[in-house]
Amino acid sequence: MDFKALANKYNTPLYLYDLDHMSAQYEKLKSAFKGRPSILAYAVKANSNLSVIKHFADLGSGADCVSIGEIRRAILAGIPPYKILFSGVGKNDDEIREAIETDILYINVESEAELSRIENIAKELKKRCRISIRVNPNIDPKTHPYISTGLHANKFGVEISTAKRMYIKSKNSDNLDPVGIHFHIGSQLTELKPIYEASEIVADMLRSLQAIDIELKFFDIGGGLGIKYDNETTIEPYDYAQVILSTLKGLDLTIICEPGRFLTANAGYFLTKVLYEKQNGDKRFVVVDGAMNDLLRPSLYNAFHKLEVVSENDGKKSKADVVGPVCESGDFISKDCFLPILEHNDLIVVHSAGAYGFGMGSNYNTRARSAEVALKNGEDRLIRKRETFDDLIALEREFL
Ligand SMILES: *Cc1c(COP(=O)(O)O)cnc(C)c1O
């Protein structure tokens, strides 16, 4: 990939997405569930650019959405409502109403209180709402504490005993239609065992529901499949699918999988140019034009991203922190990495930036968000313009 030419053409900081890589990841995971009915519902929050969602829509993907805004994006991008799920721990009334009116596949319910709200709103609308309940299997996914979600200590889902009560209530309601069961134990999962254990707990729950005449159609295994940021050992999609299917013997269900990071992370690159080298005592800093407002993961999770330097200088390397211009000590892209001495306008390519990159961005320090560019069949295409100062103040100006 000619990063330098693209950086010159579109300027930096810049996000680049290789759509062909996304297709390959999609097909790999989809074929792992071959022989079973399945829907891959792309977790839109990983990368919610409309052109990216449309790319998955064209591959036949569904969408897992966590706000009404994401549902609207999914529909705009061409995902049919019957392949859209609505997840998340705090949906408001307007969001629930619109989701029911849009007739999406189902809402993933995260508490008893939420189930009651959904029932009341469906009643007002004189409709039935398809629901699935997010079970919290209390399994430690052995990932970063900020991205584990399947422990009772996390805010997500309900305990098995609560879920059972909720299914019975739904079955007896005129306005609720229980169709699925859901779990999602965390993100960047790199071990099979916790997935197996969680799936087994949820499959057992499903069998106990069958025993009381509650028949579900969808077994929603969440997302979370990990990727290589560095040299991690990761899970093969085939093994992942086999482990889950092994817990479903004798059960005839459609698998719903909600991959985000797995589909987009390693298809994305964040391009940033060197502004200055600087030395504070023993400490070497490389100051670049990209910052935590563009790529938050290092600051938020201390996440590692591999760097690739495009420079004439490939001489002796020494330790440096790569930092952005934002006025926070926590504004860094990488710490203690080994880099040659760099010059103004040398390019640093940050790898694995296609998931939770642009979407977590902000306008902090009144910095305009980067442009986004897609690569497909060797061609590059702008899919989001670089923001301008006028974009940033548009909603404030009238109050002056
Ligand atoms: C974030 C999220 C996903 C996607 O997670 P990845 O780690 O990106 O695969 C899937 N399902 C739910 C409910 C989520 O919150």
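Computation of the quantities below employed the complete heavy-atom set of this structure, encompassing side-chain atoms and omitting hydrogens, waters and symmetry-equivalent molecules. Each ligand, and each atom within it, is numbered from 1 in the order the structure gives. Start at 1 with the first residue, then count along the sequence.
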Distance-only N or O hit between ligand 1 and R134, under 3.5 Å:
no
Which atoms of ligand 1 have any heavy atom of D64 under 4.0 Å away?
10 (C), 11 (N), 12 (C), 13 (C)
Option among K283, K335, R284 that satisfies the side-chain hydrogen bond (donor to acceptor under 3.5 Å, both in side chains) test with D321
K283
Does ligand 1 have any atom sitting under 4.0 Å from a heavy atom of Y356?
yes
What about A46: any of its N or O atoms under 3.5 Å from an N or O on ligand 1?
no
Nearest heavy atom to atom 7 (O) of ligand 1, choosing from C257, A355, S187, belongs to S187
Check the angle between the aromatic planes of Y229 and H305 and answer parallel, tilted or perpendicular using the 30° and 60° thresholds.
perpendicular
List in chain and number order the residues that pass side chain to side chain contact (heavy atoms under 4.5 Å, CB included) with S199, two or more places apart in sequence or in another chain; answer none if no residue qualifies.
F183, F219, I244, T247
Checking side-chain polar atoms at under 3.5 Å, does Y82 have a donor or acceptor matched by the opposite partner on R130?
no
Closer than 4.0 Å to some heavy atom of G224 - which atoms of ligand 1 meet that?
5 (O), 6 (P), 7 (O), 9 (O)
Report, in ascending order of atom number, the atoms of ligand 1 lying under 4.0 Å from any heavy atom of E258.
3 (C), 4 (C), 9 (O), 10 (C), 11 (N), 12 (C), 13 (C)
Just to verify, what does R165 make a salt bridge (charged side-chain N to carboxylate O under 4.0 Å, His left out) with, not counting sequence neighbours?
E112
Would you mind checking which non-hydrogen protein atom is closest to atom 1 (C) of ligand 1, with the distance to 0.1 Å?
K45 NZ, 1.3 Å
Say whether P259, considering both its backbone and side-chain N or O atoms, lies within less than 3.5 Å of an N or O atom on ligand 1.
no
Is there a nitrogen or oxygen of R261 sitting under 3.5 Å from a nitrogen or oxygen of ligand 1?
yes
Tell me whether the count of non-hydrogen atoms from other residues, nucleotides or ligands lying under 6.0 Å of CZ in R207 goes above 12.
yes
Under 6.0 Å from the CD atom of E379, do we count more than 12 heavy atoms belonging to anything else shown?
no
